[in-house]
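Structure first, then comments.
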Amino acid sequence: MTGKVLVSGGRGALVLLSVAEMYERAVDVANQERDWVPFAEAFFKIKGRDQGMVPFRANKMQALARDDERGGHLRVIRVKPRRIGSTAEAIMSALVRMFCRPHYNVAVGSTTIDKAKAIIIDQMVRPVLANLDSYLLTQYRVEVVEREVRVWFSPTVDVDGAPVPADPSAPVSRMNVAGVNEEDFGIGYDIFEAILTEAPFIADRGWKTFDEVVPAIPDWGILKMEGAANGSGTEFQRRYYGGKYHQQFYPWRLSELATLGAGSPALSGGQFEHLRTEEFELSDELRAKMVEHGLSWDQMRFYAWACLVDGNLVHAHYPWTAEESFISGSVAQLPAQQLTQMYNR
């Protein structure tokens, strides 16, 4: 990224900024306004659905989570449908804070270290760091060592524009990746942010390890627990309704969810609007079955749409509400095969 970049200057104005000016603005917004999105969209690339590495663009769910955070909700527990970008939001926002704040350390845990490395380092962090914008590379030195992400602050460049090797004593931010169930969550330096992925599947000893780390996070620090619910009676469900954390649930039906995972096509606004019209009708049998299960009219339309496209999408976009997810985890109340058979009769 070189030269000038056209950005919004507010009130509809467009302003030409150099990349250095855009960088300074993005850092300021991230630090002063708790908005990580401009920095990520300017400098990060992620794996596209079928397009290789593409510039990161926050989807509706990620923007709403950002707004929640800016509103002061720093202790968050999130139950989610699959493939809406929830884990990406947690890791991307933490990476931005690591770049924008020297000594900003993050602890990230999943059920096991192998799971944590696969989800966080291999699928997200390595691709992002390997495809950083060239300007950002002149500002920092970054690397992944075993299960730790390190960001050295090195704003000085030589005459050719190459980064000068960072002084080992220079400020460095770290992201430690751990398996919570294996009791290795937590690191030997100050932690300002803790993230749990796959939280509904954490065992009792994992929660014990997590609870030992939480008190070390300052009041202004961030704590996020997220995952697709694993049915009722879990520790994750107890904490979701325990009143200690801010609840988040972002359903698939949010408009413009444009970055769902591969193999899980989004329901476009046009498709959903079609389901709102009287032209679309449910069979009497399908309607009766849905009423029997206590489903709302909006839910009926969703399940009917899923049958039109592919009955298995019921599972990809499920649940409709947080409460519904705790009833049956990631398995829809009406099995995909049953829905498809009823619709095709």
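Each residue takes its place number in the sequence, starting with 1. Given the structure is predicted, the values throughout are model-derived calculations rather than measurements.
- Heavy atoms only, all atoms of each residue included: Arg126 and Val144 are closest at NH2-CG1, 3.7 Å.
- For the pair Ile46/Met92, a side-chain contact is recorded, criterion being any heavy-atom separation below 4.5 Å from C-beta on.
- Between the CG atom in Asn176 and the CZ atom in Arg174 there is a gap of 10.0 Å [rounded to 0.5 Å].
- Between Val79 and Phe249, the shortest heavy-atom contact is O-CD1, 3.0 Å.
- In the model, Gln247 has no side-chain atom that pairs as donor or acceptor with a side-chain atom of Tyr245 under 3.5 Å.
- The distance from atom CG of Asn105 to atom CE of Met175, rounded to the nearest 0.5 Å, is 10.5 Å.
- Contact check for Val149 versus Val142: no side-chain heavy atoms found under the 4.5 Å cut-off.
- Separating the OG1 atom in Thr87 from the CE atom in Met124 is a distance of 7.0 Å, to the nearest 0.5 Å.
- Crowding of Asp204 atom CG: a count of heavy atoms from other residues, nucleotides or ligands under 6.0 Å not exceeding 12.
- Look at Arg66 and Glu89 and you find no salt bridge, because none of the NZ, NE, NH1 or NH2 atoms lies under 4.0 Å from a carboxylate O.
- Remark: side-chain polar atoms of Gln62 are paired, donor with acceptor, to backbone N or O of Asn59 under 3.5 angstrom.
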Determine, stepwise, if the pair Glu212 / Lys208 fulfils salt bridge (Lys or Arg N to Asp or Glu O under 4.0 Å).
CA-CA 6 Å; Glu212 291 173 350; Lys208 180 177 182 297; 2.9 Å; yes
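- Between Phe99 and Trp152, the gap from one ring centroid to the other reaches at least 6.0 Å.
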Side chain to side chain contact (heavy atoms under 4.5 Å, CB included) between Ile195 and Val106, worked out
CA-CA 8 Å; Ile195 301 168; Val106 181; 4.2 Å; yes
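- In this structure, Tyr241 has its ring center under 6.0 Å from that of Phe326.
- To the nearest 0.5 Å, the span separating CD1 on Ile222 from CD1 on Ile217 amounts to 9.5 Å.
- A donor-acceptor pair shorter than 3.5 Å cannot be found between the side chains of Asp190 and His103.
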Assess the residue pair Asn31 and Arg101 against the criterion (side chain to side chain donor-acceptor pair (under 3.5 Å)); give the C-alpha distance rounded to whole Å, side-chain angles, the decisive distance to 0.1 Å, and a yes or no.
CA-CA 8 Å; Asn31 286 336; Arg101 305 176 191 175; 3.2 Å; yes
Taking it one step at a time, do Ser93 and Arg97 satisfy side chain to side chain donor-acceptor pair (under 3.5 Å)?
CA-CA 6 Å; Ser93 60; Arg97 285 184 280 271; 3.0 Å; yes
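- Between Glu198 and Ile119, the closest side-chain pair of non-hydrogen atoms falls below 4.5 Å.
- The minimum heavy-atom distance between Arg70 and Arg34, with the atom names listed, is CG-O, 3.1 Å.
- Put simply, the residue from Val180, Thr112, Thr111 that forms a side-chain contact (heavy atoms from CB on, under 4.5 Å) with Phe201 is Thr111.
- Ring geometry for Trp220 versus Tyr104: interplanar angle of 30 to 60°, hence tilted.
- In this structure, CG in Asp68 is found 5.0 Å from NE2 in His73, a value given to the nearest 0.5 Å.
- Here the side chain of Gln32 pairs no donor or acceptor atom with the backbone of Asp28 at under 3.5 angstrom.
- Within a 6.0 Å sphere centred on NZ of Lys115, other residues, nucleotides and ligands contribute 12 heavy atoms or fewer.
- Asp184 contributes a side-chain N or O that, together with a main-chain N or O of Gly179, makes up a donor-acceptor pair within less than 3.5 Å.
- The minimum heavy-atom distance between Gly186 and Val213, with the atom names listed, is CA-CG2, 3.9 Å.
- No continuous path of ILVMFWY side-chain contacts below 4.5 Å connects Val29 to Phe39, so the two sit in separate hydrophobic clusters.
- Here the side chains of Arg25 and Pro38 are not in contact, with every heavy-atom distance at 4.5 Å or above.
- With values rounded to the nearest 0.5 angstrom, Tyr240 atom OH is found 11.5 Å from Met225 atom CE.
- Placement of Leu223 and Val76 in two distinct hydrophobic clusters is found when ILVMFWY residues are connected by side-chain heavy-atom separations under 4.5 Å, directly or transitively.
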Stepwise side chain to side chain contact (heavy atoms under 4.5 Å, CB included) test for Arg75 and His246
CA-CA 6 Å; Arg75 300 291 193 270; His246 175 66; 5.9 Å; no
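- Between Leu95 and Phe44, some side-chain heavy-atom pair lies under the 4.5 Å cut-off.
- Under 4.0 Å is where a charged nitrogen must lie from a carboxylate oxygen, and between Glu235 and Arg238 at least one such pair does.
- In this structure, Arg147 does not pair ionically with Asp114, as no charged nitrogen and carboxylate oxygen lie closer than 4.0 Å.
- A salt bridge links Asp211 and Arg239; the closest N-O separation between the charged side-chain nitrogens and carboxylate oxygens is under 4.0 Å.
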Under the ring pair (Phe, Tyr, Trp, His ring centres under 6.0 Å) rule, what do Trp36 and Phe56 come out as? Steps first, then yes or no, please.
CA-CA 12 Å; Trp36 58 274; Phe56 173 77; 5.8 Å; yes
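- Heavy-atom contacts from other residues, nucleotides or ligands closer than 6.0 Å to CD of Glu33 number more than 12.
- Residues Val54 and Lys45 fail the side-chain proximity criterion, which asks for heavy atoms closer than 4.5 Å.
- For an aromatic pair to be called close, the ring centres must be under 6.0 Å apart, and Trp207 with Phe210 satisfies this.
- Counted by atom type alone, Ser86 and Glu226 present one or more donor-acceptor pairs between their side chains at under 3.5 Å.
- Closest heavy-atom contact between Ser173 and Met98: OG-O, 3.1 Å.
- Between Glu148 and Lys117 there is no salt bridge, since none of the side-chain N atoms of the basic residue sits less than 4.0 Å from a carboxylate O of the acidic one.
- Two residues are said to be in side-chain contact when any heavy atoms from C-beta on lie closer than 4.5 Å; Val151 and Val172 fail this criterion.
- Looking at every heavy atom in both residues, Ile120 comes nearest to Val108 through CD1-CG1, 3.0 Å.
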